[in-house]
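Reviewing the structure listed below.
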Amino acid sequence: MAWANKVLRVNLSDGTVTDEPLNMDWARQYLGQRGLASKYLVEEIDPKCDPLGPENKLIMTTGPLTGTMASTGGRYSVVCKSPLTGAIACSNSGGYIGAELKNAGWDMVIFEGKSPRPVYLYIENDHAELLDAAAIWGKSAWETDKILHRTHQDPQLRIACVGRSAEAGCFYAGVINDLHRAAGRSGVGTVMAAKNLKALACRGTRGVGNIKDPLRFLQATEEGKRVLRENAVTGQGLPQYGTQVLMNVINEAGAMPTRNMRETQFEGAHSISGEAMHEPRKSDGRPNLTANAACFACTIACGRISTVDKEHYTIQNKPQYWGNSGGLEYEAAWALGSDTGVDDLDALTYANFVCNEDGFDPISFGATVAAAMELYDLGLITQAQTDGIEFKFGSAEALTQAAELVAKGEGFGKDLGLGSKRLCEKYGRPELSMTVKGQEFPAYDPRGIQGMGLAYATANRGACHLRGYTVASEILGIPEKTDPLSTEGKPELVKAFQDATAAFDSSGLCLFTSFAWTLDDVAPQLDAACEGEWSAEKLLEVGERVWNLERQFNLTAGLTSKDDTLPKRLLEEGANVGPAQGKVNELGKMLPHYYEVRGWDSDGVPTSETRQRLGLA
Amino acid sequence: MLQALKLEPEKCTGCLQCEMACSYENEGVFNPAKSRIKVFAFHDEGRFAPYTCTQCDQAWCMHACPVEAIVVNAATGAKEVLESVCVGCKVCTIACPFGTVNYSHDSGKVIKCDLCGGDPWCAKACPTGAITYVASDDTGLERMRAWAQQGLPSAASFAAPTEKAVQTYNRAS
Ligand code: SF4
Ligand code: SF4
Ligand code: SF4
């Protein structure tokens with residue numbers, strides 16, 4: 001089975017909690033986590049609803065392998081309609097909360113309505129209740145974590161919560177779990193706070209036991225771990241440098257978005273790279289990096305635990321930041337660093353701490369700061385708006401003060417909390433927003449990696465690297481090398497990555513395993529654990545079904561093929577340096593063929609044959 | 001030669017594979033709450049530490065048990081709980097100075113590490129080598145070596161002998 005076969009439904013308006021069996025017909029079609037929760041969402045809400053209104057629902061969901069010994073089997077996702085994009089949102093996180101929820105005996109929790117006053121959900125195995133959140137409302141995620149542990153006198157309690165940024169309505173607030181893991185993107189935390197829901201505090205001691213074929217499962221997961229161990233990326237690169245292994249690689253490829261994507265290489269890349277995190281600093285001779293940390297069940301351990309230099313200006317006299325916490329991941333290092341032109345590793349680490357402490361997405365935040373810096377550079381924003389901060393590219397002070405303001409939703413932090421699109425619209429230059437469907441770009445300039453342009457333009461949650469990471473093929477040669485500067489074969493490549501990714505995201509496993517695993521490695525693990533037969537082909541079909549389901553949600557919500565595009569800068573201004581110098585992203589060459597490959601009409605709408613083939617009719 | 005679990009916290013990433021292996025081997029369920037080995041997280045320090053029964057020679061739990069439900073496995077040296085004899089009085093959980101004997105609500109008996117009969121699952125599952133199963137005399141060797149090294153000149157100073165070292169050497173020979 002592997003599924004717990006139980007869903008917790010929480011009606012926040014009425015203050016009731018009820019349990020119901022998991023819809024197994026849907027589970028057979030959508031597997032779990034991203035796919036299955038999206039199916040629930042599509043069935044239960046009107047895609048046109050106000051994302052911040054009570055009609056939107058928020059689903060916290062695990063996959064069938066969450067809570068098992070399969071490597072990385074600890075993931076969970078938060079699914080809802082996004083306030084940032086108006087599209088479907090699904091943000092995935094590791095840490096321990098997903099496994100805890102599953103250990104308590106639940107596949108997913110569906111939150112509906114809106115609570116009349118701040119509450120949090122407490123789960124202890126079968127027991128679930130809504131409790132008054134007066135003592136934690138208005139507190140950061142870190143304080144909330146501390147207070148809930150104290151209140152319940154349980155050091156083993158696992159907590160997912162929102163920080164002050166979400167309460168203040170920041171459009172890209174996430175849900176923080178285990179202090180520094182996050183369902184970070186698309187404003188899922190904003191939706192949670194809009195429901196007056198502050199936290200989920202969970203303790204599960206029942207475990208996951210209903211494995212279909214235990215012996216085969218242990219063999220299959222052991223084999224999977226061997227593959228991860230022997231792969232250069234998952235066995236060496238990620239353990240040694242974390243995701244930051246990419247900083248120098250992508251910079252050399254000339255695909256490092258710099259200063260709001262005006263440039264494509266960052267001269268300060270080395271100072272903020274994974275390698276730099278290992279170098280001893282002058283003040284105390286210790287490196288930025290203390291240790292590697294794994295999410296639940298993960299044998300890769302890409303997570304970084306870091307400190308900020310105690311002598312750094314950001315944390316003098318602030319002992320609460322002197323300890324260790326989640327260090328820089330590549331995406332955070334890029335967005336907070338090269339996109340803002342800041343090359344001060346300690347400033348970035350501190351800004352990242354603040355993002356975790358008050359629960360907002362460092363990618364969207366960094367990119368919004370970058371857009372504000374460009375507006376400042378052009379004189380469209382002045383110190384009158386920025387609370388007197390000199391908002392110049394390269395200013396570490398501007399970056400760290402901005403983080404503190406967004407954390408609390410104060411002053412210029414309110415503007416920055418709008419996200420890049422709304423900010424640039426407000427100041428009259430919408431084209432300076434480096435976003436797709438309102439969501440900020442991640443760390444790969446699509447002028448230097450052509451396939452990523454198509455992946456961004458068509459990603460169902462807006463610009464995103466986790467919806468079809470063709471960087472693997474175009475730069476790293478996984479599973480095989482394609483030319484990053486060519487559009488040849490990219491529509492097929494993008495579709496293949498998107499569908500496979502949707503299957504990974506529906507399983508309970510971490511997408512980073514896909515540096516080493518294909519669905520051929522995942523299928524035997526799922527097949528041994530779950531009822532039914534799960535082959536790689538079937539998983540790929542699940543992935544394609546999930547993709548089309550999300551697409552249909554977005555179309556009904558009002559998005560059209562016009563939204564499958566990129567900012568003008570990337571389509572018209574050539575890359576300034578590097579291997580892609582002079583090149584733009586040739587989206588127009590790829591998009592029509594992509595629609596064909598998908599079985600969509602020329603308006604990007606799935607045809608009735610496609611819908612029928614996937615059982616979506 | 002008796003073997004023992006050697007724990008090296010500095011290698012641990014907090015993945016809890018060991019807890020799942022232990023609970024699966026002993027209870028047939030992936031459930032950290034039922035593991036005999038526990039991994040502690042020290043967030044501010046950025047460290048994790050796996051911890052389980054050390055199989056004391058003069059086992060406190062064994063001596064405290066009023067019904068002799070804890071016995072030595074001669075082959076492995078493990079102190080094992082005989083479920084059929086254990087009355088669930090919990091005296092052993094108090095006697096163990098390390099807190100590695102625990103009461104299980106489900107069975108009404110206590111549970112503790114039994115070295116899996118000489119084939120410890122936690123060690124097999126640990127991806128980082130933070131848990132290994134080695135000759136029991138070896139478990140402290142690394143630590144001794146580390147301590148000893150603190151009082152010695154570093155390896156680098158051996159590589160380039162100082163003038164004084166050369167003179168001392170010449171005088172002695
Ligand atoms: S690879 Fe990294 S993000 Fe994925 S589960 Fe492992 S530690 Fe977590
Ligand atoms: S040796 Fe066996 S019983 Fe003891 S902690 Fe390891 S897995 Fe558990
Ligand atoms: S399996 Fe090893 S690395 Fe993972 S938590 Fe246990 S001791 Fe630590």
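Below, chain A is the first sequence line, B the second, and so on; all start at residue 1.
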Checklist line | Segment of Lys225(A) engaging chain B (4.5 angstrom heavy-atom cut-off) | finding: side chain

Next item on the list: Could you tell me which portion of Ala21(B) (side chain, backbone, both or neither) has an atom closer than 4.5 angstrom to a non-hydrogen atom of chain A?
Entry: both

Next item on the list: Count the heavy atoms of every other residue, nucleotide or ligand shown that sit under 6.0 Å from CD of Glu68(B), and state whether that count exceeds 12.
Entry: no

Next item on the list: Give the member of Thr72(A), Thr299(A), Thr307(A), Ile305(A) that has the highest number of heavy-atom pairs under 4.5 Å with chain B.
Entry: Thr299(A)

Next item on the list: Mind ranking Asp106(B), Asn31(B), Leu16(B) by heavy-atom pairs under 4.5 Å with chain A and telling me who comes out on top?
Entry: Asn31(B)

Note to self: With a 4.5 Å cut-off on side-chain heavy atoms, are Phe30(B) and Ile211(A) touching?
What the structure shows: yes

Next item on the list: For the pair Gln17(B) (side chain) and Cys298(A) (backbone), establish whether a donor and an acceptor sit closer than 3.5 Å, ignoring hydrogens and angles.
Entry: no

Note to self: Heavy-atom count check: over 12 atoms from other residues, nucleotides or ligands less than 6.0 Å from His105(B) NE2?
What the structure shows: no

Checklist line | Region of Pro239(A) in contact with chain B, defined by heavy-atom distances below 4.5 Å | finding: neither

Check: Does the side chain of Phe217(A) come within less than 4.5 Å of Tyr24(B)'s, by heavy atoms?
Finding: no

Item checked: Pick from Ile300(A), Leu228(A), Leu218(A), Asn210(A) with the largest number of heavy-atom pairs that fall under 4.5 Å of chain B -> Leu218(A)

Notebook entry, point to check: Which region of Arg206(A), side chain (C-beta onward) or backbone (N, CA, C, O), has a non-hydrogen atom less than 4.5 Å from a non-hydrogen atom of chain B, or is it both or neither?
Noted result: backbone

Note to self: For Lys146(A), is the NZ atom crowded, meaning more than 12 foreign heavy atoms sit under 6.0 Å from it?
What the structure shows: no

Next item on the list: Determine yes or no for a side-chain-to-main-chain donor-acceptor pair under 3.5 angstrom, with Asn324(A) supplying the side chain and Asp44(B) the backbone.
Entry: yes

Next item on the list: Specify which of His180(A), Lys102(A), Arg203(A), Glu222(A) makes the most heavy-atom pairs with chain B at under 4.5 Å.
Entry: His180(A)

Notebook entry, point to check: Which heavy-atom pair separates Phe48(B) from Ala293(A) by the least distance, and what is that distance?
Noted result: CE1-CB, 4.0 Å

Notebook entry, point to check: With a 4.5 Å limit on heavy-atom distance, are the side chains of His43(B) and Ser325(A) in contact?
Noted result: yes

Note to self: What verdict does the side-chain contact (heavy atoms from CB on, under 4.5 Å) test give for Thr290(A) and Arg47(B), after you've listed the backbone C-alpha separation in whole Å, the side-chain angles of each residue and the deciding distance to 0.1 Å?
What the structure shows: CA-CA 8 Å; Thr290(A) 303; Arg47(B) 292 289 177 205; 4.1 Å; yes

Next item on the list: Against chain B, work out which of Cys295(A), Ala297(A), Pro155(A) has the most heavy-atom pairs shorter than 4.5 Å and name it.
Entry: Ala297(A)

Check: Could you give the distance from CG (Asn103(A)) to OG (Ser23(B)), rounded to the nearest 0.5 Å?
Finding: 8.5 Å

Notebook entry, point to check: Say you draw a straight line from CD of Glu19(B) to CZ of Phe296(A); how long is it, rounded to the nearest 0.5 Å?
Noted result: 8.0 Å

